[in-house]
Amino acid sequence: MNERKKEKTKQPFRQVVSNNLFLIKLCFGASPAFVIFPVLDAVRNQVSIFFEHTVGIGYVLEAAEFHYPFRKVAAVIILLFVCISIGMVFTVWVGDYVREKEGPKVRRKIKLMLYDKAKQLDLECYDNPEYYNEMVLAIAEVDKQIERCIQFLSNLFAGLATFITTGIYFVKKDGPSILFAVASFLLTFVFMQAYNRLSYKIRIDRNPCERKREYVKRVFYLPDCAKEMRLNPDVGKILYRDFDEANEEIIRIEKRNGKKHFLFGFVSNYIGNDFFCDVIYIGYLVLKATVWGALSYSSVAILYNSFGRMKRGLRVFTETYPFACESSLYIQRIRGFLEYETKIVSEKGLLPGQGARDVQVENLSFAYDKTKEMLLKDISLRITPGEKIALVGYNGAGKTTLVKLLMRLYDPDRGRIVMGGKDIRDYEPEAFRRSIGVVFQDFKIFAGTVAENVVMDNLKGTEDEAVRRALADSGLLKRIDGMKDKTATFLTTETRDDGVDLSGGESQKLAIARVFYQNAGLMILDEPSSALDPIAEYQLNHAMLTATNDRTVIFISHRLSTTRIADRIIMLEGGKIAEEGTHEELLERGGKYAAMWKVQAGAYM
């Protein structure tokens with residue numbers, strides 16, 4: 001594991017440049033001004049400082065040492081004052097206007113790109129913990145890396161401006177002084193690179209522990225967990241333990257790397273910069289002025305002052321490449337996320353037809369983890385248009401997995417699925433999924449109006465009648481009409497104080513209304529009545545039969561009373577079809593379905 005992490009921190013120069021250019025191009029594409037003007041301001045600032053602190057002060061000192069006319073000196077000072085004042089106005093404009101106006105535009109565009117890509121990801125990406133961690137890190141880091149991108153460019157061009165202006169001055173005044181600056185640069189560069197690489201490694205090692213701490217924090221304040229925490233106060237002890245373990249691991253990581261981290265920083269910041277330059281170089285200047293008489297005292301003062309600028313300019317270079325390397329490691333994750341190529345695609349791009357279709361599953365086998373045993377094993381079945389199918393079985397039998405394959409959220413390892421006479425891999429994936437109405441057991445109610453939660457899209461103003469019909473079919477319309485704003489009522493209190501929180505059963509009816517609204521030829525309902533009371537379940541079952549009389553329905557249910565409405569029941573066990581038939585046929589057969597029925601029915605007999 002450590003070797004793999006170490007390999008991830010090693011990057012060739014070309015990759016570092018390519019990754020930083022990638023983010024710079026994204027920022028530039030969103031707002032050229034956001035990239036250009038901060039860089040121009042950084043260059044202007046260094047040129048202004050050069051003329052103020054090197055040329056201006058040097059000229060004043062020379063004027064005092066060699067008795068220049070006052071009028072001439074005053075004219076130079078006034079000119080510098082005017083130019084510097086204009087530059088300060090430009091800085092204020094860049095900081096208060098350009099960055100404040102264009103920054104949100106850039107962040108919005110790049111985040112929308114990330115969110116759009118997240119919608120396109122194959123579902124298997126969420127099953128891969130390593131990929132999921134990197135996806136979360138990429139999205140979490142994007143704001144910081146945008147700022148670092150602009151800082152990188154500004155530092156780079158500011159350093160160039162400092163090096164060029166001060167370098168020309170050094171060549172003119174004392175060429176050997178450049179050798180001291182170069183020596184300081186090389187020493188600092190090597191150790192700063194090691195320092196930043198270690199900083200990144202520490203961040204990556206800490207990431208799982210910090211995620212664990214964040215999880216504990218969320219549990220203590222999320223409303224979804226509040227009831228459980230109060231009913232089971234001992235759970236808090238477990239969470240405290242996890243929190244302490246995460247903290248202890250973070251401390252161990254810091255201790256394990258602390259000495260090297262300190263050493264790299266000490267050599268880079270003190271030996272390579274302060275001691276080397278402020279002690280050794282100043283000794284050289286004093287020797288040259290007092291013993292050799294090769295420099296005037298005003299030149300010594302200006303060279304030392306300018307060397308401080310040259311040192312800081314070169315220090316920017318020592319930090320810029322390691323800074324770019326560290327950014328590159330994060331940008332690589334953002335880039336990899338955005339450049340991820342979806343595996344579930346269609347070469348033919350066929351569009352599915354309307355209405356109910358024939359469904360054929362042929363020798364289907366599948367496993368989430370390809371290194372383990374197949375979860376579904378050689379399943380074959382046929383569903384005719386308009387047929388009502390119930391999938392039953394114990395937990396882990398593969399019911400929901402089969403449904404995910406029918407929707408092509410995954411592709412099977414072996415076998416195929418045919419709908420409407422075509423392999424579903426020939427259909428355009430997004431259009432194919434839109435042709436299927438589905439409610440999963442872990443459905444979500446989003447922060448939006450009732451109508452938006454039914455339509456699951458931006459409203460165009462013409463959907464009200466269809467929304468109300470879907471709500472009526474699901475049995476929720478009476479409850480919605482009792483609300484002040486009816487279908488315009490905002491749901492959840494997470495983002496608005498006047499929002500309405502639906503009960504579990506009401507939320508389930510709303511989710512089912514989505515399927516009725518979609519009016520798809522194939523409807524898939526995963527535990528459609530699990531949160532409903534028996535009367536509401538009875539009403540929903542009959543509503544479904546009425547509303548879906550000409551459509552194919554596949555529903556998963558653990559309540560076998562619900563399965564009685566099905567034309568055919570398919571029982572899965574161990575990833576295979578154990579039994580199939582009508583409710584009465586399976587009871588007469590006296591097999592596994594009959595045993596499940598007796599267990600459930602026995603409670604009422």
Side-chain angles (χ1 to χ4, degrees), residues 222-224 226-227 354-356 388 433-557 559 561-562 564-566:
L222 284 178
D224 292 347
K227 294 191 295 293
Q354 299 295 320
K388 309 298 184 285
R433 291 171 189 150
R434 282 201 305 267
S435 72
I436 301 172
V438 62
V439 176
F440 282 114
Q441 191 171 1
D442 54 353
F443 66 88
K444 299 297 179 185
I445 300 298
F446 297 95
T449 66
V450 171
E452 288 169 340
N453 267 279
V454 172
V455 176
M456 296 296 283
D457 196 355
N458 292 322
L459 298 178
K460 302 179 179 63
T462 58
E463 305 93 338
D464 191 60
E465 184 179 344
V467 167
R468 291 181 62 80
R469 185 165 57 249
L471 290 168
D473 288 341
S474 69
L476 190 61
L477 183 61
K478 184 177 180 180
R479 169 76 171 101
I480 298 302
D481 278 344
M483 298 177 181
K484 178 182 177 183
D485 297 318
K486 296 183 171 54
T487 58
T489 300
F490 197 88
L491 297 180
T492 83
T493 56
E494 191 165 340
T495 60
R496 280 176 49 168
D497 293 338
D498 62 345
V500 174
D501 287 319
L502 299 177
S503 69
E506 290 168 345
S507 297
Q508 198 157 42
K509 289 179 180 179
L510 179 63
I512 293 169
R514 292 170 181 167
V515 178
F516 287 138
Y517 175 83
Q518 195 172 345
N519 197 29
L522 172 61
M523 297 172 59
I524 298 176
L525 306 170
D526 189 348
E527 289 291 329
S529 57
S530 61
L532 301 181
D533 58 73
I535 294 176
E537 179 187 32
Y538 175 82
Q539 292 171 341
L540 177 63
N541 290 342
H542 282 271
M544 282 196 298
L545 285 176
T546 303
T548 63
N549 58 347
D550 58 344
R551 283 174 276 175
T552 305
V553 179
I554 300 173
F555 60 90
I556 299 172
S557 181
R559 289 187 184 178
S561 58
T562 303
R564 297 182 67 175
I565 68 172

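Position 1 is the first residue of the sequence; numbering continues from there.
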Which heavy-atom pair separates [X] from [Y] by the least distance, and what is that distance?
X	Y	result
Ala520	Gly437	CB-N, 3.3 Å
Val467	Ala451	CG1-CA, 4.2 Å
Val454	Ala470	CG1-CB, 4.4 Å
Ser507	Leu502	OG-CB, 3.5 Å

Report the C-alpha distance between Met523 and Ile554 in whole Å, list the side-chain angles of each, state the deciding distance to 0.1 Å, and finish with yes or no for side-chain contact (heavy atoms from CB on, under 4.5 Å).
-> CA-CA 6 Å; Met523 297 172 59; Ile554 300 173; over 6 Å; no
Flag the pair Leu510 / Leu491 as yes when at least one side-chain heavy-atom distance between them is below 4.5 Å, and no otherwise.
-> yes
Kindly determine whether Met456 and Tyr517 satisfy side-chain contact (heavy atoms from CB on, under 4.5 Å), including the steps that lead there.
-> CA-CA 10 Å; Met456 296 296 283; Tyr517 175 83; over 6 Å; no
Scan side-chain atoms only and decide if Asp501 and Thr492 contain a donor-acceptor pair under the 3.5 Å cut-off.
->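 Their side chains do not contain a donor-acceptor pair, so the 3.5 Å distance test is not met.
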Evaluate side-chain contact (heavy atoms from CB on, under 4.5 Å) for Ile524 paired with Phe555, printing each intermediate quantity in order.
-> CA-CA 6 Å; Ile524 298 176; Phe555 60 90; over 6 Å; no
State whether the side chain of [X] and the backbone N or O of [Y] hold a donor-acceptor pair below 3.5 Å, judged by distance alone.
X	Y	value
Gln518	Ile436	yes
Thr552	Leu522	no
Lys388	Arg551	yes

Atom pair [atom1] ([X]) and [atom2] ([Y]), whose distance is rounded to the nearest 0.5 Å:
X	Y	atom1	atom2	answer
Phe443	Gln508	CZ	CD	5.0 Å
Asp526	Ile556	CG	CD1	4.0 Å
Arg469	Asp473	CZ	CG	7.5 Å
Ile480	Lys509	CD1	NZ	10.5 Å

Could you list the residues that satisfy salt bridge (charged side-chain N to carboxylate O under 4.0 Å, His left out) with Asp498, not counting sequence neighbours?
-> Arg496
Got a sec, which residues hit salt bridge (charged side-chain N to carboxylate O under 4.0 Å, His left out) with Arg468, two or more places apart in sequence or on another chain?
->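 Salt bridge (charged side-chain N to carboxylate O under 4.0 Å, His left out) list for Arg468, sorted by chain: Asp481.
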Thr487 pairs by side-chain hydrogen bond (donor to acceptor under 3.5 Å, both in side chains) with which of Asn453, Thr449, Asp464?
-> Asp464
